[in-house]
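These notes concern the structure reproduced below.
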Amino acid sequence: MKEQIERLKKEKEAVILAHYYAPSEVQEIADHVGDSFYLAKVAKSIDAKIIVFCGVSFMGESAKILNPNKKVLMPDPTADCPMAHMVKEGKIAEMRAKYDDLAVVCYINSTAELKAQSDVCVTSSNAVRIVKALPNKNIFFIPDKNLGSYVAEQVPEKNIIVNDGYCPIHASITARQLKEEKDKHPGALVLTHPECEKELLLMSDHIGSTAEIISFAKSSDAEEFIICTEDGVLYRLLEENPEKRFFFPDPRPCCTDMKLNTVEGVLSVLMNENNEIKINEDKRNSALIPLEKMLELAK
Ligand code: 13P
Ligand code: SF4
């Protein structure tokens with residue numbers, strides 16, 4: 001399959017992008033692997049006719065919004081992020097009516113529909129910096145309450161109202177599970193994604209996006225780490241640090257949507273050019289504004 005994929009990639013001028021949560025064998029065949037911010041940047045600058053996006057639909061959609069002239073294909077079109085839909089209809093308009101100077105800050109883990117109604121997008125690796133840089137005092141942060149609350153603590157000078165969405169995978173890691181793991185590995189550093197609950201963040205040594213967790217583990221002198229994020233990051237953690245030891249809270253956090261990406265799926269979309277992301281042009285144009293603003297402000 002790998003040989004067929006390589007041949008088709010050359011023949012069709014295609015590139016494969018994968019998120020760190022995709023299965024190991026998919027990360028292994030990808031041309032670029034990264035966190036949401038890195039993948040959005042790569043998608044914007046890449047020279048290819050076809051992008052095969054091994055992630056969930058908001059990631060494929062973002063790539064399409066940034067690249068209207070490229071075909072963006074998903075190995076499994078049902079791979080979706082439940083949090084991306086967690087803003088109630090009418091909520092944004094309600095908040096805009098309440099505050100004159102409101103900025104709607106949209107975590108990239110959201111549908112194109114929600115992005116189209118927002119002022120700026122952020123990812124977990126640039127949310128604090130971008131919110132700080134906005135001139136607005138009042139911020140409505142959608143859809144993730146946990147990332148939103150984390151940003152609010154880091155930027156106390158702003159009035160940040162958080163929406164009540166959450167990632168079911170990160171939000172279900174409990175402080176008790178983490179404590180049990182810490183008791184088993186008392187010397188381990190705890191590295192946590194900001195989509196986790198505050199209780200967990202308070203017990204952590206480092207908080208960051210998937211890419212930030214990976215780079216922290218690499219540059220740290222510590223030898224053992226407890227990782228509070230989805231278990232797909234283990235592939236890169238072990239590639240870069242074969243001598244270090246990594247543990248996860250039990251049960252190991254696993255995003256079933258991300259795991260829908262398979263090597264067979266990649267080969268199939270490369271052959272058939274199916275599962276193409278399509279977005280209505282008006283919606284695409286509106287959603288492009290906050291995505292481009294993110295790329296600009298994050299520079
Ligand atoms: P990152 O931007 O840290 O890769 O996070 C993406 C994601 O879906 C987290 O659950
Ligand atoms: Fe969405 Fe959570 Fe899966 Fe990330 S881990 S894609 S936020 S459900």
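The first residue of the sequence shown is numbered 1, and numbering continues consecutively from there. Whatever order the structure lists them in is the order used to number ligands and atoms, beginning at 1.
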Contact between [X] and ligand 1, counting heavy atoms under 4.0 Å?
X      : answer
His19  : yes
Tyr21  : yes
His170 : yes

Nearest non-hydrogen protein atom, [atom]:
atom                    : answer
atom 8 (S) of ligand 2  : Pro82 CD, 3.5 Å
atom 4 (Fe) of ligand 2 : Tyr21 CE1, 3.8 Å
atom 1 (Fe) of ligand 2 : Cys81 SG, 2.3 Å
atom 3 (Fe) of ligand 2 : Cys255 SG, 2.5 Å

Does at least one non-hydrogen atom of Asn109 fall below 4.0 angstrom from an atom of ligand 2?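 Per 4.0 Å heavy-atom rule, Asn109 contacts ligand 2.
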Tell me whether Glu230 reaches ligand 2 (any heavy atom closer than 4.0 angstrom to a ligand atom).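 No, Glu230 has no heavy atom closer than 4.0 Å to ligand 2.
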Below the 3.5 angstrom mark, is there an N/O of Thr123, backbone or side chain, next to an N/O of ligand 1? no
Close N or O approach (Asp35, ligand 1; < 3.5 Å):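 No; the residue has no nitrogen or oxygen that sits under 3.5 Å from a nitrogen or oxygen of the ligand.
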Aromatic ring pairing His170/Tyr21, orientation class (parallel under 30°, perpendicular over 60°, tilted between): tilted
Check the orientation of His32 and Tyr38. Use parallel for under 30°, tilted for 30 to 60°, and perpendicular for over 60°.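 Because their plane-to-plane angle lies in the 30° to 60° range, the rings of His32 and Tyr38 count as tilted.
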Criterion salt bridge (charged side-chain N to carboxylate O under 4.0 Å, His left out) on Arg236 and Glu239, from CA distance to verdict: CA-CA 5 Å; Arg236 181 55 71 96; Glu239 283 263 292; 5.3 Å; no
So, Cys167 and atom 2 (Fe) of ligand 2: N/O/S under 2.8 Å, yes or no?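 A backbone or side-chain N, O or S atom of Cys167 is under 2.8 Å from atom 2 (Fe) of ligand 2.
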If you measure from the Lys or Arg side-chain nitrogens to the Asp or Glu carboxylate oxygens, is any gap between Arg7 and Glu3 under 4.0 Å? no
Which ligand 1 atoms are under 4.0 Å away from a heavy-atom of Ser124? 1 (P), 2 (O), 3 (O)
